[in-house]
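So the structure is just underneath, and the comments pick up after that.
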Amino acid sequence: KLYCRNADCNTENDRRLDGLPGDAVHQTPVIKVKDGTRALVTIPVDDESFNEERIREFRFTAKVTDELVRLFRNRKHERHLWQRRLKVGALVVLTQNLDVPAGLVNGSVGTIKSVDAQRAEVHFKNGTRVIERGIFKTSVGPDRWVGVEQMPLWCCWAMTVHRSQGMTLDAVEIMMEKGMDYGQAYTALSRVRGLECLTIRTGGLFDEVMAKCFRTHPAVHAFNCKHS
């Protein structure tokens, strides 16, 4: 399901995950930093260790420090920094390209068969694969990078339209809402491979809701009028 709001997604995913038997495995992100000739530095992502004062105490070079500060200030929107819960039987989506020729790409959906703190065995439509924690790196110069180590999976019974950007999903149920922002409806509809993979729910009169979802931004309308 694709929703507009994180709260709706979290509620749906938590409900579905809690409905599965067994205990959930918590996936905690860790920041890793390579700053030139300095040894690799690991920074736990928690309220005590990950803050601007602590970051500056490491005395990294300016670009590395700037990237760490950016991560900290934007942490609510950096999906790799989010805590995750995974459990056997959970429906999950892959969040990076691992094997493009084999179809194991960002947006591939599967079901967890086994999971621990370091790896998960996931059954995708093209077979079962072992997915391990990886490092999502941002390069800031020669031999300088900031990375977040995290499991490249998250529960995907529901996700936001914004979070689905760049993904091609096997099947989607879109919760169309009157409050959709400009471009959200197009983004949601373009996540699927074909109409047979798409279900639309409006929660109201179809034509009325759809008319409010598909709107042209005033700036775009003004530009088109000026240049038409």
Revision key, fill the gap. When rounded to the nearest 0.5 Å, the distance separating CG of Asp99 from CG of Asn126 is 8.5 Å

Exercise for review: Ignoring hydrogens and angles, tell me if any N or O in the side chain of Asn106 forms a donor-acceptor pair with the backbone of Asn97 under 3.5 Å.
Suggested key: no

**Study point:** Nearest heavy-atom neighbours spanning Leu91 and Trp157
**Key:** N-CZ2, 3.4 Å

Check your understanding: How far apart are the closest heavy atoms of Gly134 and Pro152, and which atoms are they?
Key -> N-CD, 4.3 Å

Revision key, fill the gap. Rounded to the nearest 0.5 Å, the CZ atom of Arg85 sits from the CG atom of Asp14 at a distance of 5.0 Å

Study note, to complete from the structure: Closest non-hydrogen atoms of Leu94 and Val105, given as atom of the first, atom of the second and distance, are CD2-O, 3.6 Å

Point to revise | Side chain Arg119, main chain Val130, donor-acceptor under 3.5 Å | key: no

Practice item. Give the minimum heavy-atom separation between Phe124 and Ser108, together with the two atoms involved. Key: CE2-O, 3.8 Å

Review point. Atom CG of Asp116 and atom CD of Gln27: how far apart are they, to the nearest 0.5 Å?
Key: 8.0 Å

Revision key, fill the gap. Here the gap from Met159 atom CE to Thr95 atom OG1, rounded to the nearest 0.5 Å, amounts to 10.0 Å

Review point. At what distance, to the nearest 0.5 angstrom, does NE2 of His123 lie from OG1 of Thr128?
Key: 5.0 Å

Check your understanding: Take atom CG in Leu195; do more than 12 heavy atoms of anything else shown fall under 6.0 Å from it?
Key -> no

Exercise for review: I would like to know whether Val146 and Val64 meet side chain to side chain contact (heavy atoms under 4.5 Å, CB included); could you show each step before the answer?
Suggested key: CA-CA 7 Å; Val146 175; Val64 170; 4.0 Å; yes

**Study point:** Cluster link Leu17 to Trp154, ILVMFWY, side chain under 4.5 Å
**Key:** yes

Exercise for review: Please check if Leu40 and Ile135 belong to a single hydrophobic cluster, counting links between Ile, Leu, Val, Met, Phe, Trp and Tyr side chain heavy atoms closer than 4.5 Å.
Suggested key: yes

Point to revise | Worked check of side chain to side chain contact (heavy atoms under 4.5 Å, CB included) between Arg133 and Val30 | key: CA-CA 10 Å; Arg133 286 173 65 94; Val30 176; 4.1 Å; yes

Check your understanding: For Asp23, does the CG atom have more than 12 heavy-atom neighbours from other residues, nucleotides or ligands under 6.0 Å away?
Key -> no

Check your understanding: After noting the C-alpha distance and the side-chain angles of Gln150 and Trp82, does the key distance pass the side chain to side chain contact (heavy atoms under 4.5 Å, CB included) rule?
Key -> CA-CA 9 Å; Gln150 178 59 286; Trp82 298 342; 5.9 Å; no

**Study point:** Hphob cluster co-occupancy, Val93 + Ile174, side-chain heavy atoms under 4.5 angstrom
**Key:** yes

Atom pairs and distances, donor-acceptor, side-chain atoms in residues 65-72, under 3.5 Å, two or more places apart:
unit_1, atom_1, unit_2, atom_2, d
Thr65, OG1, Phe60, O, 3.3
Thr65, OG1, Thr61, O, 3.1
Glu67, OE1, Arg70, NE, 3.1
Glu67, OE2, Arg70, NE, 3.4
Glu67, OE2, Arg70, NH2, 2.8
Arg70, NH1, Glu78, OE2, 2.9

Exercise for review: Check step by step if side chain to side chain contact (heavy atoms under 4.5 Å, CB included) holds for Cys155 and Leu86.
Suggested key: CA-CA 7 Å; Cys155 291; Leu86 299 175; 4.3 Å; yes

**Study point:** CA sep, side-chain torsions, deciding dist, call: Arg59, Asp35, salt bridge (charged side-chain N to carboxylate O under 4.0 Å, His left out)
**Key:** CA-CA 10 Å; Arg59 298 187 180 277; Asp35 193 3; over 6 Å; no

Review point. Counting N and O atoms only, with roles assigned by atom type, does the side chain of Lys87 sit under 3.5 Å from a partner on the main chain of Leu20, one being a donor and the other an acceptor?
Key: yes

Check your understanding: Do Pro29 and Gln83 come within less than 4.5 Å of each other through their side chains, counting heavy atoms only?
Key -> yes

Check your understanding: So, for Met151 and Ile131, which heavy atoms are closest and what is the spacing to 0.1 Å?
Key -> SD-O, 3.7 Å

Review point. Does a salt bridge link Lys1 with Asp8, judged by any charged N lying under 4.0 Å from a carboxylate O?
Key: no

Check your understanding: Does one hydrophobic cluster hold both Leu104 and Val92, with members joined at side-chain heavy-atom distances below 4.5 Å?
Key -> yes

Check your understanding: So with a 6.0 Å cut-off around CZ of Arg129, is the heavy-atom count from everything else above 12?
Key -> no

Review point. What is the distance from atom CG of Leu189 to atom CG of Leu2, rounded to the nearest 0.5 Å?
Key: 9.5 Å

Revision key, fill the gap. Nearest heavy-atom contact between Arg73 and Glu52 is NE-OE2, 2.8 Å

Review point. Hey, does the side chain of Arg144 reach the backbone of Lys63 with a donor-acceptor pair shorter than 3.5 angstrom?
Key: no

Practice item. Following the transitive rule for hydrophobic clusters with a side-chain heavy-atom cut-off under 4.5 Å over Ile, Leu, Val, Met, Phe, Trp and Tyr, establish whether Leu198 and Val109 coincide in one cluster. Key: yes

